[in-house]
2 protein chains.
Amino acid sequence: MSEQILTEHISSYVNFSKEELSEIARFFNIQSYRKKEKLLHAEKRCDTIFFVAKGCLQLYFIDDLGNPKTTQFAMETWWLTDFLAFQNQRPSNFYVETLEKSTVLSISFSKYQELLEKFPKMEKYYRAILETAYGAALMRIKYIHSLSKEEMFFSFRNSFPEFVQRVPQYVLASFLGLTPEYLSEIKKK
Amino acid sequence: MSEQILTEHISSYVNFSKEELSEIARFFNIQSYRKKEKLLHAEKRCDTIFFVAKGCLQLYFIDDLGNPKTTQFAMETWWLTDFLAFQNQRPSNFYVETLEKSTVLSISFSKYQELLEKFPKMEKYYRAILETAYGAALMRIKYIHSLSKEEMFFSFRNSFPEFVQRVPQYVLASFLGLTPEYLSEIKKK
DNA sequence: TGATTTTCTTAAACCAGCTTAATTTTTATT
DNA sequence: AATAAAAATTAAGCTGGTTTAAGAAAATCA
């Protein structure tokens, strides 16, 4: 059961009873997607947060030349959306799309507010998740500004070897901010 | 009074009584700093979150060549620290330093836990703050991967004109990820 | 299994942005 | 007001990484 991935994850941060957890789970929609399905469309109002129970999602945008650029990946137990657009209920600056067959729990803005109101301890859970996510984003910016593209690749592969196996190389290249051609050249070494 | 900047900011997210707010304020240390004072040292355990009541802070690291590189600024009503290191009570990957004469409220890890336990509504406040911070970080990575250095500068100056006036150009250059020399050349145009 | 599409590789020409180093301007200190 | 220190500018030469274009390999599908 996919909702168990979520309730177990929540339980690792906050204590809830079995009953509370199953009530919490009812706030979410569970849905399975094929590879390359869009869950969120850029320019459309961002009304959903996604939790990956199984599979892998990407948050990406389309650049001036029409090439998709991945800004963030999400694998099992990660949350993903355009948080700024979600918070302000504005049009999304990003697409969200599956990179492989995935099972995703999603919650709308209004359900999210209801959930937090009914279970205030969920604030603690999200606070902790977001502390980690923001902290990691600061580290990521540090890497971007201190490593060469070559170092970026080796350092990323060192930290997340499964990831490098799992996503297509051209998607990884766009995430790391280099061209697929140059990534290919780096790997030759 | 500097603590009022904080309590007013909290009040714009969550409702607290006057009494509660003054009790909350007592969890923080208020301190004034001169320009270029260090509040957090890299490699030392990160045990503090900083709230800027007045002035301006930077989060930065020292690169291979010994040059400081700014990863994040914080002005009035912004929170700043190495959140990943703080959460895990590990050594900091960054320095925190004043860019000008500043008044800062700070809270230690243990006081932060106490505060959240005693005032669970503060979880909501921090959750909201971190949603914004993380969302903004995703947007920042989008800009880094889609704009040229020249576009970076003009887009940043367009969004935060006061900032560009307020911080030294070489600090701004390191934040935007370009050299002071190139920034100078860009400005000539 | 063969045909089609998607992904990855190779290589050469090119350029945005860096390095270096010297000079000028601004800011801080006495 | 004079001196010292920090910050900003200018310009030339250079390089890490991109662009372009074509072919090879791998994955998907009928």
Side-chain angles (χ1 to χ4, degrees), chain A residues 33-38 55-56 58 60 62-70 73 95 97-102 141 143-157 163-189, chain B residues 33-38 55-56 58 60 62-70 73 95 97-102 141 143-157 163-189:
Chain A
Y33 298 93
R34 279 170 289 115
K35 197 176 176 171
K36 292 200 179 185
E37 278 198 83
K38 276 194 191 60
C56 186
Q58 61 166 329
Y60 71 98
I62 306 287
D63 72 9
D64 299 340
L65 300 149
N67 303 118
K69 300 245 193 176
T70 302
F73 294 120
Y95 298 83
E97 197 174 296
T98 51
L99 280 167
E100 50 188 63
K101 191 170 168 305
S102 305
I141 292 164
Y143 290 138
I144 291 174
H145 284 164
S146 60
L147 304 182
S148 70
K149 305 275 156 142
E150 186 172 337
E151 289 167 329
M152 283 286 279
F153 170 68
F154 288 116
S155 135
F156 184 81
R157 194 177 62 174
F163 233 103
V164 176
Q165 300 303 105
R166 218 166 144 177
V167 310
Q169 229 176 86
Y170 70 96
V171 173
L172 180 61
S174 95
F175 175 76
L176 296 177
L178 39 64
T179 59
E181 292 82 1
Y182 192 51
L183 178 52
S184 175
E185 188 178 312
I186 285 168
K187 283 182 71 183
K188 227 188 337 184
K189 302 183 188 175
Chain B
Y33 298 93
R34 279 171 287 116
K35 197 174 175 174
K36 292 198 177 184
E37 279 198 82
K38 277 193 190 60
C56 187
Q58 61 166 331
Y60 72 98
I62 306 286
D63 72 9
D64 299 340
L65 300 149
N67 303 117
K69 301 244 191 176
T70 302
F73 294 120
Y95 298 82
E97 197 174 296
T98 50
L99 280 167
E100 49 188 66
K101 193 170 167 304
S102 305
I141 292 165
Y143 290 138
I144 291 174
H145 284 164
S146 60
L147 304 182
S148 70
K149 305 274 155 145
E150 186 173 336
E151 289 168 327
M152 283 285 279
F153 170 69
F154 288 116
S155 135
F156 184 80
R157 195 179 62 174
F163 232 103
V164 176
Q165 299 303 107
R166 219 166 143 177
V167 310
Q169 228 175 89
Y170 70 96
V171 173
L172 180 61
S174 94
F175 175 75
L176 296 176
L178 39 64
T179 59
E181 293 82 0
Y182 192 53
L183 178 52
S184 174
E185 189 178 313
I186 285 168
K187 282 182 72 183
K188 229 189 335 182
K189 305 183 188 174

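No hydrogens, no waters, no symmetry mates; every other heavy atom, side chains included, goes into these values. Lettering of chains follows the sequences in order, A, B, ..., and the numbering in each one begins at 1.
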- Note on the structure: Picking from C/dG17, D/dT9, C/dA11, the nucleotide nearest the side-chain atoms of B/E181 would be D/dT9
- Query: A/F153 CZ to D/dG16 P: how many Å, rounded?
  - Reply: 19 Å
- Message: Just the rounded figure in Å: distance from C1' of D/dT9 to OH of B/Y170.
- Response: 16 Å
- Query: Tell me: CG of B/L183 to P of C/dG17, nearest whole Å?
  - Reply: 12 Å
- Item | Option from B/R34, B/R166, B/K35, B/K36 for which salt bridge (charged side-chain N to carboxylate O under 4.0 Å, His left out) with B/E100 holds | B/R166
- Item | Donor-acceptor contact below 3.5 Å, side chain B/S146 vs main chain A/D63 | no
- Item | Separation of A/H145 NE2 from B/L178 CG (nearest 0.5 Å) | 8.5 Å
- Query: Closer than 4.0 Å, any side-chain N/O of B/Q169 to the OP1 or OP2 of C/dT26?
  - Reply: no
- Once you round it to whole Å, what is the distance between P of C/dT23 and CD of B/E185? 19 Å
- Would you please confirm or rule out a distance under 4.0 Å between OP1 or OP2 of D/dT18 and any side-chain N or O of A/T179? yes
- Message: Please determine whether a side-chain nitrogen or oxygen atom of A/K36 lies at a distance below 4.0 Å from atom OP1 or OP2 of C/dT7.
- Response: yes
- Between P of D/dT15 and OH of A/Y182, the distance in whole Å: 14 Å
- Could you tell me the separation between the NZ atom of A/K187 and the C1' atom of D/dA25, rounded to a whole number of Å? 13 Å
- Of B/G177 and B/K35, the one whose closest nucleotide on DNA chain C sits nearer the 5' end is B/G177
- Let me know the distance between CG of B/L178 and P of D/dG16, rounded to the nearest Å. 19 Å
- Message: Once rounded to the nearest 0.5 Å, what's the spacing between atom OG of B/S155 and atom CG of B/L147?
- Response: 5.5 Å
- Message: How many whole angstroms separate atom CG of A/D63 from atom P of D/dT18?
- Response: 13 Å
- Message: Looking only at the side chain of B/P168 (C-beta and beyond, no hydrogens), which of the listed nucleotides D/dG17, D/dA8, C/dT10 gets closest?
- Response: D/dA8
- Determine yes or no for a side-chain-to-main-chain donor-acceptor pair under 3.5 angstrom, with A/T70 supplying the side chain and A/Y60 the backbone. no
